[in-house]
Amino acid sequence: MKLHWSPKSPYVRKVMVCLHELRLEDRVERVRSVAAMLRPNPQIMRDNPLSKIPTLVLDDGSALFDSAVICEYLDDLAGGGLFPPRGQEKWRTLRWHAFADGLLDVLILWRNEADRDGGQRSDALIEAFRIKTEASLQRLEGEARELAAAPFGIGHIGMGCALGYLDFRFGALQWRERAPYLAAWYDEVAARPSFRRTEPVLEG
């Protein structure tokens, strides 16, 4: 299989963590692919017309996207383990997964808006992103003990990647000071080999 990949994308990282956790990393070739909002990439578009990463090209030439679908496919390929099959545990895990992806969406939009030229930047949008991020961290601080007690799965992977992106791109927020239980949980997750091997880098 072939994965359109970037060392800085938190969504790609989520897929890579799953590959390591499921011991499938040797089954996938990583293809360095740049997905910029204003510059559609013809290389990616041959497999994904949306020009987005991650995109996973299967052995038969078909492609899967986005990260949530790819992660579930990989879990199925490995015989399961990261996605609970049914019941309350399934819905709790999928909620955390969706929560993490939603937080990442907010953070990436915030970063894109903050990078605009001064005359084009919307301070109102930036403030809205800040409020949503703070509220998310407050909610997750209240759920940190539940996260710690739950069996490791895709919800933990998603949350770990979202908080890792906060560290990587929003260090000035100093979120750990306001969410100490969440920070302690994240430190344990970040120590897993799958997370250590997929830490984002500025170059490469």
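- Every side-chain contact (heavy atoms from CB on, under 4.5 Å) that Arg176 has, sequence neighbours left out, goes to Asp167, Ala183, Tyr186, Asp187.
- Contacts of Tyr181 classified as ring-ring contact (aromatic ring centres under 6.0 Å, His included), with partners at least two apart in sequence or in another chain: none.
- Residues passing the side chain to side chain donor-acceptor pair (under 3.5 Å) test with Arg121: none are found, sequence neighbours excluded.
- Under the salt bridge (Lys or Arg N to Asp or Glu O under 4.0 Å) criterion, Lys2 pairs with Asp47, not counting sequence neighbours.
- Judged purely by atom type and a 3.5 angstrom limit, Ser33 has no side-chain atom pairing as donor or acceptor with the backbone of Ile44.
- Within 6.0 Å of CD on Glu127 lie more than 12 heavy atoms contributed by other residues, nucleotides or ligands.
- With hydrogens and angles left out, the side-chain atoms of Trp175 and Glu134 include no donor and acceptor closer than 3.5 Å.
- Residues satisfying the side-chain contact (heavy atoms from CB on, under 4.5 Å) test with Leu64, not counting sequence neighbours, are Leu58, Val69, Ile70, Tyr73.
- The distance from the CD1 atom of Ile131 to the CD1 atom of Ile126 is 12.5 Å, given to the nearest 0.5 Å.
- The number of heavy atoms from other shown groups lying within 6.0 Å of CD (Glu188) does not exceed 12.
- With 3.5 Å as the limit, one finds no donor-acceptor pair spanning the side chains of Ser194 and His20.
- Geometrically, Arg13 does not engage Phe168 in a cation-pi contact, judged by NZ or CZ lying under 6.0 Å from the ring centre and within 45° of the ring axis.
- In this structure, the separation between SG on Cys18 and CD1 on Ile157 is 4.0 Å, given to the nearest 0.5 Å.
- Every residue two or more places apart in sequence or in another chain that forms a side chain to side chain donor-acceptor pair (under 3.5 Å) with Thr55 is listed here: Asn48.
- Taking the six-membered ring where the residue is Trp, Trp185 and His156 present tilted rings, their angle falling between 30° and 60°.
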